[in-house]
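A quick write-up on the structure given underneath.
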Amino acid sequence: MTTVLIVDDQPLQRFGFRMLLESQEDLSVAGEAGSGAEAVRLAAELRPDVALMDIRMPGVDGIEATRRIVASGGRTRVLILTTFDLDEYAYAGLRAGASGFLLKDALPEEVLSGVRAVASGDAVVAPRLTRRLLDAYAQHLPPVPGAAPAPDPRLATLTEREREILTVIGRGWTNTEIAERFHLAESTVKTHVGRILAKTGSRDRVQAVILAYDTRLVRPS
């Protein structure tokens with residue numbers, strides 16, 4: 001059973017999410033929070049698998065609440081769900097440690113799939129935001145001087161194949177696309193991805209994408 005904390009300052013929105021989640025046999029609502037501060041407190045108290053997080057809330061907003069929840073080192077992963085199709089929110093949320101970002105106009109099955117994916121350690125980003133998000137992130141990177149940067153220690157233990165796979169993860173490729181490109185079984189790709197996350201200390205796939213940009217395995221297009 002996957003437990004979910006619903007975080008939204010609108011009672012009607014929380015009710016709708018509760019109805020959706022409780023219609024599924026494998027999902028249950030651990031609690032509800034109407035503010036970011038309450039979300040941080042309940043995440044520590046209830047230890048849900050996933051926090052379904054709104055961004056725009058009075059006081060502590062969803063970005064700051066996400067940062068605090070992730071920084072606590074607890075088990076809770078954050079899936080941001082918002083009406084605001086703005087790159088700066090997605091960028092800030094994922095940098096704060098969120099494992100996913102969906103829009104509130106997503107279909108019910110997309111929200112459910114997102115919750116399950118995040119709970120299992122995967123990551124999810126609204127498809128129409130993905131490429132824009134990566135390009136926006138790249139613009140925040142400091143310029144590289146003429147000399148080659150020192151090798152990043154987070155990449156030192158990766159095999160050549162794992163570096164190749166991390167590179168295409170950074171380009172937004174799915175496991176299916178990676179399997180087809182490298183002529184691998186999808187289960188093998190999943191094994192490689194799991195090892196990459198473990199070796200680099202990446203919390204999930206989104207953090208691996210950020211690592212690929214940070215280490216210049218992937219450069220702005």
Side-chain angles (χ1 to χ4, degrees), residues 63-64 66-80 86-102 114 117-221:
I63 303 297
E64 180 58 27
T66 296
R67 186 175 293 110
R68 294 182 189 180
I69 289 171
V70 173
S72 73
R75 61 182 288 174
T76 304
R77 296 177 182 273
V78 178
L79 173 59
I80 290 177
L86 296 175
D87 296 332
E88 65 235 47
Y89 285 130
Y91 172 79
L94 297 178
R95 284 298 285 171
S99 294
F101 189 103
L102 291 177
V118 168
S120 68
D122 206 343
V124 59
V125 179
R128 69 177 182 263
L129 287 174
T130 304
R131 175 50 53 190
R132 285 165 32 206
L133 179 65
L134 298 183
D135 290 344
Y137 178 72
Q139 302 311 313
H140 288 73
L141 293 172
V144 181
D152 192 292
R154 291 173 293 179
L155 304 181
T157 60
L158 297 183
T159 65
E160 182 178 351
R161 173 65 73 181
E162 288 166 350
R163 287 173 67 100
E164 291 174 340
I165 291 176
L166 177 58
T167 300
V168 294
I169 287 174
R171 292 175 181 152
W173 290 23
T174 65
N175 284 352
T176 300
E177 291 170 332
I178 295 171
E180 291 174 354
R181 169 65 177 80
F182 292 105
H183 307 291
L184 299 170
E186 196 162 339
S187 59
T188 302
V189 174
K190 289 180 180 178
T191 298
H192 280 306
V193 172
R195 288 174 178 164
I196 290 166
L197 297 182
K199 287 181 177 181
T200 61
S202 299
R203 182 177 172 89
D204 51 44
R205 200 181 188 96
V206 167
Q207 302 305 310
V209 170
I210 291 174
L211 172 66
Y213 275 85
D214 279 343
T215 57
R216 300 314 201 281
L217 286 178
V218 177
R219 297 179 181 274
S221 55

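In what follows, residues are counted from 1 in the order of the sequence shown.
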On a heavy-atom basis, which atom in [X] and which in [Y] lie closest, and how many Å separate them?
X	Y	value
Ile80	Ala98	CD1-CB, 3.8 Å
Val118	Ser99	CG1-CB, 3.7 Å
Ala179	Ala185	CB-C, 4.3 Å

Could you give the distance from [atom1] ([X]) to [atom2] ([Y]), rounded to the nearest 0.5 Å?
X	Y	atom1	atom2	value
Ile169	Ser202	CD1	OG	9.0 Å
Gln207	Thr200	CD	OG1	10.0 Å
Glu186	Ile178	CD	CD1	9.0 Å
Leu155	Thr215	CG	OG1	4.5 Å

Inset, instruction - State, yes or no, whether a side-chain contact exists between Phe182 and Thr188 at a heavy-atom distance under 4.5 Å. - result: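 Phe182 vs Thr188: side chains apart.
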
Inset, instruction - Not counting sequence neighbours, which residues clear side chain to side chain contact (heavy atoms under 4.5 Å, CB included) with Thr167? List them please. - result: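 Side chain to side chain contact (heavy atoms under 4.5 Å, CB included) list for Thr167, sorted by chain: Arg171, Leu217, Val218.
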
Inset, instruction - For Glu177, enumerate each residue passing the side chain to side chain contact (heavy atoms under 4.5 Å, CB included) test, keeping only those at least two apart in sequence or located in another chain. - result: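 Counting only residues at least two positions away or on another chain, Glu177 forms a side chain to side chain contact (heavy atoms under 4.5 Å, CB included) with Trp173, Thr174.
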
Listed pairs under 3.5 Å, donor-acceptor, residues 189-198 side chains, sequence neighbours left out:
residue, atom, partner, partner atom, Å
Thr191, OG1, Ser187, O, 3.1

Which residues satisfy the salt bridge (Lys or Arg N to Asp or Glu O under 4.0 Å) test with [X], sequence neighbours excluded?
X	result
Glu64	Arg67, Arg68
Arg181	none
Arg163	none

Inset, instruction - May I have the step-by-step check of side-chain contact (heavy atoms from CB on, under 4.5 Å) for Asp152 and Asp214, ending in yes or no? - result: CA-CA 9 Å; Asp152 192 292; Asp214 279 343; 5.8 Å; no

Inset, instruction - Give the C-alpha distance, both sets of side-chain angles, the deciding distance and a yes or no for side-chain contact (heavy atoms from CB on, under 4.5 Å) between Ile165 and Leu158. - result: CA-CA 10 Å; Ile165 291 176; Leu158 297 183; over 6 Å; no

Inset, instruction - Would you check, one step at a time, whether the test side-chain contact (heavy atoms from CB on, under 4.5 Å) holds for Asn175 with Arg205? - result: CA-CA 11 Å; Asn175 284 352; Arg205 200 181 188 96; 2.9 Å; yes

